[in-house]
A.B. asks: 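The structure under discussion is supplied below as structure tokens; questions concerning it will follow.
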Amino acid sequence: MRTLYLDCSMGAAGDMLMAALLELHPQPEDFLRRMNALGLPGVELTARKAVKCGIQGTHVSVLIHGEEEDDALDHGHAHHHGPEHDHHHDHGHEHGHHHDHKHEHHHSHGHHSHVTVAEISRLIEGLPLPQPVCADAKAVYRLIAQAESAVHGHSVEQIHFHEVGTLDAVADVVGVCLLIHELSPEAIAASPVHVGSGQVRCAHGLLPVPAPATALLLQGVPVYGGSIEGELCTPTGAALLKHFVQSYGPLPAMTPIASGYGMGTRDFPAANCLRATLGESGGNGGQVAELCCNIDDMTGEAIAFACEELFAAGALDVWTAPITMKKGRPGVLLTCLCPAGEAERITGAILRHTTTLGVRRRLCERTTLSRREETVETAMGPLRRKVAQGAGVRRAKWEYEDIAAAARERGLSLSEVLSAL
């Protein structure tokens, strides 16, 4: 299985992700040429070699009308434009494609124009991109907008971004989405994310690291701080990880094919880079425990509750089947799959939530397809789709909750919604 692993021990930012993935691309110069030909207004991407702690990698810069984003007045901050046009500043941008992780934001606000999330979506839709790349890019930017809106306490539609910083971040998002599309990994994993420590300065004062929008985006993602002061993970980097990464942990067993290093600018005791490794793994799955027990003295509702609790405890799957027990008594066979290392804990949950007197256990080897979720723009609006692939197989299935919601909103049947997609 073709696997991409991202080492985020020095955080994650859009430009550093793009630079690391660019080093994995078989034709990096051609990729940059095609990115610059997309038609993003005033945008030009450049790449140069950089060295950190003796390691050579690539540094990607995004020029907006000939200037790097750090040199522009506005840095892509999101604002709520309410009746009084009050500005709620946040860090909805990549802090410099001199990405030096020293994010001190001395912002002067000139008369730069602002764009809405809908305008950003239309900008991305107007680019000559493959449909999956367009859908991924819009989904990533929507994650950013949702985080910004939650921080400000206003709807996504009320969030505005400075135009200059937006073009910079859109270039990062589109570049990463297109690189992942062309590298075609079947599974994407990452290390826990180093977010940095201390505080970050903005126009209205100091904010804790990670910044509020980044903290929201990283919910559910393993993170840690450390002795390095500064904002190592930006909102765009966090949103890209949130959208693409399927699992977090140490480097999985794999045979590396190539490694790429995306460099920052500032020097730290540790190499200021993000490393991407592309390799082949023997399959996604490994060893699982199958736990089962026979039950003949519980109601259907009680068994359903037990199944829900087992899922909440971390079971991979839970199911029941009717059986006939001693003396012809009808019963239920409850079976639970869980990671092998969690078998003892999940067994305890079965004993707690059912009336069984014992649980049988066996270890199984399994091979699974890698799975991810993508958001697709459709005639029924944005809908989530589950994608599974591996071993030359690719399957996609619409998320039931989204299809059902679209059917209810329009007074249609499920089949009518599906036939329109």
Side-chain angles (χ1 to χ4, degrees), residues 1 187-190 192 218-223 242 245-250 252-253 281-374 383-391 393 395-405 407-408 414 418:
M1 176 185 297
I188 302 177
L218 291 175
Q219 287 181 355
V221 175
V223 301
K242 188 84 168 184
V245 175
Q246 299 151 348
S247 63
Y248 292 87
S281 60
N284 186 22
Q287 199 171 64
V288 294
E290 183 179 273
L291 312 175
C292 57
C293 62
N294 296 356
I295 302 168
D296 67 355
D297 55 353
M298 288 179 68
T299 66
E301 293 88 347
I303 292 175
F305 178 81
C307 292
E308 291 173 1
E309 291 301 302
L310 291 175
F311 275 119
L316 300 172
D317 200 1
V318 183
W319 67 92
T320 61
I323 57 174
T324 301
M325 298 175 62
K326 289 183 297 183
K327 300 178 182 179
R329 295 196 307 270
V332 172
L333 172 64
L334 184 148
T335 306
C336 172
L337 285 184
C338 68
E342 297 292 314
E344 198 66 36
R345 187 174 63 83
I346 302 297
T347 296
I350 294 175
L351 292 171
R352 178 185 178 192
H353 293 291
T354 72
T355 58
T356 189
L357 300 178
V359 178
R360 301 182 295 279
R361 179 191 308 176
R362 66 173 179 170
L363 295 179
C364 307
E365 296 291 335
R366 69 171 188 167
T367 299
T368 65
L369 301 179
S370 65
R371 283 160 283 185
R372 66 184 178 89
E373 185 180 274
E374 61 185 19
L383 300 176
R384 289 173 295 168
R385 183 167 62 187
K386 297 175 181 177
V387 178
Q389 63 185 66
V393 175
R395 301 191 184 103
K397 181 180 180 181
W398 295 105
E399 174 61 53
Y400 165 77
E401 298 296 342
D402 289 10
I403 299 299
R408 293 188 186 102
L414 289 178
L418 290 170

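Hydrogens, waters and symmetry mates play no part in the numbers below; they use all other heavy atoms, side chains included.
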A.B. asks: Under the side chain to side chain contact (heavy atoms under 4.5 Å, CB included) rule, what do Asp317 and Phe311 come out as? Steps first, then yes or no, please.
C.D. replies: CA-CA 7 Å; Asp317 200 1; Phe311 275 119; 3.8 Å; yes
A.B. asks: To check you understand the geometry: which heavy-atom pair defines the closest contact between Gly314 and Pro339, and what is its length?
C.D. replies: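 Shortest heavy-atom contact: O-CD, 4.0 Å.
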A.B. asks: What residues, two or more places apart in sequence or in another chain, satisfy side chain to side chain contact (heavy atoms under 4.5 Å, CB included) together with Leu357?
C.D. replies: none
A.B. asks: A quick test of your reading: do over 12 heavy atoms of other residues, nucleotides or ligands sit less than 6.0 Å from CZ of Arg345?
C.D. replies: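 Buried by this count: over 12 neighbours within 6.0 Å.
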A.B. asks: For the pair Val318 and Glu308, evaluate side chain to side chain contact (heavy atoms under 4.5 Å, CB included) and give the outcome as yes or no after the intermediate values.
C.D. replies: CA-CA 9 Å; Val318 183; Glu308 291 173 1; over 6 Å; no
A.B. asks: Any chance you could measure Ser247, atom OG, to Ile188, atom CD1, to the nearest 0.5 Å?
C.D. replies: 10.0 Å
A.B. asks: Taking all heavy atoms of Asp296 and all of Pro330, pick out the closest pair and write down the distance.
C.D. replies: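 Residues Asp296 and Pro330, closest heavy atoms: CB-O, 3.8 Å.
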A.B. asks: Report yes if the side chains of Glu290 and Thr335 come closer than 4.5 Å at any heavy-atom pair, otherwise no.
C.D. replies: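 They are in contact (side-chain heavy atoms under 4.5 Å apart), so the answer is yes.
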A.B. asks: Considering non-hydrogen atoms only, spot the tightest contact between Ala315 and Ile346 and give its length.
C.D. replies: N-CD1, 4.2 Å
A.B. asks: Over all heavy atoms of both residues, which pair between Ala343 and Leu291 is shortest? Give the atoms and the distance, please.
C.D. replies: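 What the structure gives for the nearest pair is O-CD1, 3.9 Å.
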A.B. asks: Show, in sequence, the C-alpha distance, side-chain angles and deciding distance for Val332 and Met298, and conclude whether the side chain to side chain contact (heavy atoms under 4.5 Å, CB included) test is met.
C.D. replies: CA-CA 9 Å; Val332 172; Met298 288 179 68; over 6 Å; no
A.B. asks: Hey, what do you get for CZ (Arg352) to CG (Leu310), rounding to the nearest 0.5 Å?
C.D. replies: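 It is 11.0 Å, given to the nearest 0.5 Å.
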A.B. asks: Looking at every heavy atom in both Ala404 and Leu414, which two are closest together, and how far apart are they?
C.D. replies: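 It is CA-CD2, 3.8 Å.
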A.B. asks: Looking at Lys242 and Tyr248, what are the two nearest heavy atoms and their distance?
C.D. replies: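 Closest heavy-atom pair between Lys242 and Tyr248: N-OH, 4.3 Å.
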A.B. asks: To the nearest 0.5 angstrom, please state how far the CD1 atom of Ile350 sits from the SG atom of Cys336.
C.D. replies: 5.0 Å
A.B. asks: Look up atom CD1 in Ile403 and atom NZ in Lys397, then write down how far apart they are to the nearest 0.5 Å.
C.D. replies: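 Answer rounded to 0.5 Å: 11.0 Å.
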A.B. asks: Please round to the nearest 0.5 Å and tell me the distance separating atom SG of Cys364 and atom CG of Leu337.
C.D. replies: 7.0 Å
A.B. asks: Does atom CZ of Arg329 have more than 12 heavy-atom neighbours, drawn from other residues, nucleotides or ligands, at distances under 6.0 Å?
C.D. replies: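 Yes, enclosed.
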A.B. asks: Report the distance from atom SG of Cys292 to atom CD1 of Ile323, rounding to the nearest 0.5 Å.
C.D. replies: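 Those atoms lie 9.5 Å apart.
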A.B. asks: Taking Asp402 for the side chain and Arg384 for the main chain, is one N or O donor matched with an acceptor at less than 3.5 Å?
C.D. replies: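 Yes; judged by distance alone, with no hydrogens or angles, the pair exists.
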A.B. asks: Given side chains that start at C-beta, do those of Trp319 and Leu334 come closer than 4.5 Å, heavy atoms only?
C.D. replies: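 Side-chain contact under 4.5 Å: no.
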A.B. asks: Measuring only between side-chain heavy atoms, which start at C-beta, is Leu351 closer than 4.5 Å to Thr356?
C.D. replies: yes
